[in-house]
Student: 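Please find one structure pasted underneath; my questions will follow.
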There are 2 protein chains.
Amino acid sequence: MQSLARGLEVVRAFGAERPEMTLSEVAKATGLSRASARRFLLTLVELDYARTDGRLFSLTPRVLELGYAYLSGLSLTEVAQPHVEDLVARVHESSSVAVLDRADIVYVVRVPTKRIMTVAISVGTRFPAYATSMGRVLLAGLEQAEVEKLLARSDLAALTPLTTTDPDELLRVIAEVRSKGYAMTDQELEAGLRSLAVPIRDRRGKVIAAMNVSAQAPRVSMIQLEREFLAPLLEAAARIEADLPK
Amino acid sequence: MQSLARGLEVVRAFGAERPEMTLSEVAKATGLSRASARRFLLTLVELDYARTDGRLFSLTPRVLELGYAYLSGLSLTEVAQPHVEDLVARVHESSSVAVLDRADIVYVVRVPTKRIMTVAISVGTRFPAYATSMGRVLLAGLEQAEVEKLLARSDLAALTPLTTTDPDELLRVIAEVRSKGYAMTDQELEAGLRSLAVPIRDRRGKVIAAMNVSAQAPRVSMIQLEREFLAPLLEAAARIEADLPK
DNA sequence: CTAGGATGTTCGCAATGCGAACGAAAATGC
DNA sequence: GCATTTTCGTTCGCATTGCGAACATCCTAG
């Protein structure tokens, strides 16, 4: 059913650097003919997912309803949010919950304290799993073969000088996460950012999400991160697991 | 272009109370024939926006990318987030930014402190504009005729005993918001919740969003809300406006 | 003012996607 | 436990939707 596929592509074409596009720009960005792009855009406008002043097209807040359909169906977010808030109140550092989508992590709950990263994180933000503490926890929850397949497909770029990019080394780290029960990263995603993550499991023990605490490197050493935050983080994760339905 | 329209309907059919559905349930929820529902669902699975175990279908985190296309294009979120975080650090109450979509407000930035409402709010959450402080600020930013049209279309339900539901009274309140430059609500959306909101305007003076501070009724009186939080909130909004591009 | 290039729109044809009809599986009745 | 009804998932021929070549229109430059 290609119309749906193409239509969704059109929506996604409106990214960070192109909030507004003309018909032709959309056509170029999606690889569609201008005629097709026009039909999709007019339909999106008709449905109120997009606006146009006649020349420029842009998305409306209505598209958030689509993502919201997922989030509100995910009882995890509802259950986790108060516990993430409590943890933040307790440790005074930012905390989040993320799930895995292929080789990316996707934030589903986020409670920031002070600004910590250069890039703003919100619900829906994605990062490559291999370079994040939550990602490694989530990968550790998969079958070994699955992990290897995902890593093989990813291009393991060095996002900072400290990023682990060697596949074998990553597999070793993930194995360690699996045995220890938590993951720590030291400025592997962004300089100055340290993070500690633990898994959230369903009743059958399957890892369904990860929860983290992140802190600024100058303020918190790796040893502090583990000593001060691991226990509260594990407790918060346990409370979330206890509240999960079924 | 009905395929796109119907496909998006299918995505939205997965709401809070139906995270998982069978083919027939989806058909019933959307009004499509079972055959059509099947084609859309299989396409969504193919595109990785949905999963299935053969019988039950559910959405994947990938659908968040669609909403994210909107959010990341909205420079407002990026600009506003650090200022909202600063405000929360300063006043120790939850703060948010929302935009208007027809007669609803939609949260685009949210920084919670302690749990304040029974229902979890996240980016993408919607509430009827008429019953919220941010909604009234946003309505006050529209043409009078537009406001009247929107209110006429809404069914003004009493969400709490204190909700203003009389259309004429609401128009009066909105006029007052327009002249005062801010809106306050006292437990009109949910019992125990008070909220104060101010507009965020673009360079041309057009109201593009609203920013609020909300607090629990037992802890903060309406007078306190105004005395203690109005100035910091106005300052934060002004800083956001100053940072807006162009 | 005219030529060239790019953007937006129309329209006939073909492929996509529609739903009636079919088969399979579960629920109900006896 | 078997027959019957109801519900669910799937197939397939036909009509409609959506495709893109071709046309029209708007800028830009010389």
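We name chains A, B, ... by the order of the sequence lines, and we start the count at 1 in each one.
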Student: When you measure from the side-chain N and O atoms of Ser36(A) to the phosphate of dG18(D), is any distance below 4.0 Å, counting only OP1 and OP2?
Tutor: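 For dG18(D), neither OP1 nor OP2 has a side-chain N or O of Ser36(A) closer than 4.0 Å.
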Student: Could you check which of dG8(C), dT17(D), dG19(C) has an atom nearest any side-chain atom of Arg55(A)?
Tutor: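 Nearest to the side-chain atoms of Arg55(A), counting from C-beta on, is dG8(C).
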Student: Quick test of your reading of the model: are Glu146(B) and Lys149(B) salt-bridged, counting only N-O distances below 4.0 Å?
Tutor: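 Between Lys149(B) and Glu146(B) there is a salt bridge, with a charged N closer than 4.0 Å to a carboxylate O.
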Student: Looking at dA15(C), I'd like to know if its phosphate oxygens (OP1 or OP2) sit under 4.0 Å from a side-chain N or O belonging to Gln2(A).
Tutor: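 No, because none of the side-chain N or O atoms of Gln2(A) sits under 4.0 Å from OP1 or OP2 of dA15(C).
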Student: With a 4.0 Å limit, can you tell me whether Ser3(A) has a side-chain N or O closer than that to the phosphate oxygens OP1/OP2 of dG17(C)?
Tutor: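 Yes, such a contact exists.
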Student: For the helix from dC1(C)-dG30(D) to dC30(C)-dG1(D), what angle lies between the axis at the first five pairs and the axis at the last five pairs, to 10 degrees?
Tutor: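 The angle, to the nearest 10 degrees, is 40°.
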Student: Between the base of dG9(D) and the side chain of Arg38(B), is one N or O donor paired with an acceptor at under 3.5 angstrom?
Tutor: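 Answer is no: no donor-acceptor pair is held.
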Student: Is any side-chain N or O of Arg6(A) under 3.5 Å from a base N or O of dG18(D), one able to act as donor and the other as acceptor?
Tutor: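 Answer no: no donor N or O sits under 3.5 Å from an acceptor.
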Student: Decide yes or no, distance alone: a donor-acceptor N/O pair under 3.5 angstrom between the base of dG8(C) and the side-chain of Arg34(A).
Tutor: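 Side chain to base: pair present.
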Student: Does a side chain donor of either Gln81(B) or Arg110(B) reach within less than 3.5 Å of an acceptor in the other side chain?
Tutor: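 Side chains of Gln81(B) and Arg110(B): no pair found under 3.5 Å.
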Student: Between Glu46(B) and Arg39(B), is there a side-chain N and carboxylate O pair less than 4.0 Å apart?
Tutor: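 Looking at Arg39(B) together with Glu46(B), the answer is no, because their closest N to O distance does not fall below 4.0 Å.
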Student: Are Arg203(A) and Glu241(A) within salt-bridge range, i.e. N to O under 4.0 Å?
Tutor: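 Salt bridge: no.
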Student: Need to verify one output field. Residue with the more 5' nearest nucleotide on DNA chain C, Leu4(A) or Leu42(A)?
Tutor: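 Result of the comparison: Leu42(A).
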Student: Does anything in residues 21-29 of chain B come within less than 4.0 Å of DNA chain C? Heavy atoms only, and list the residues if so.
Tutor: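 Output list: empty, so none.
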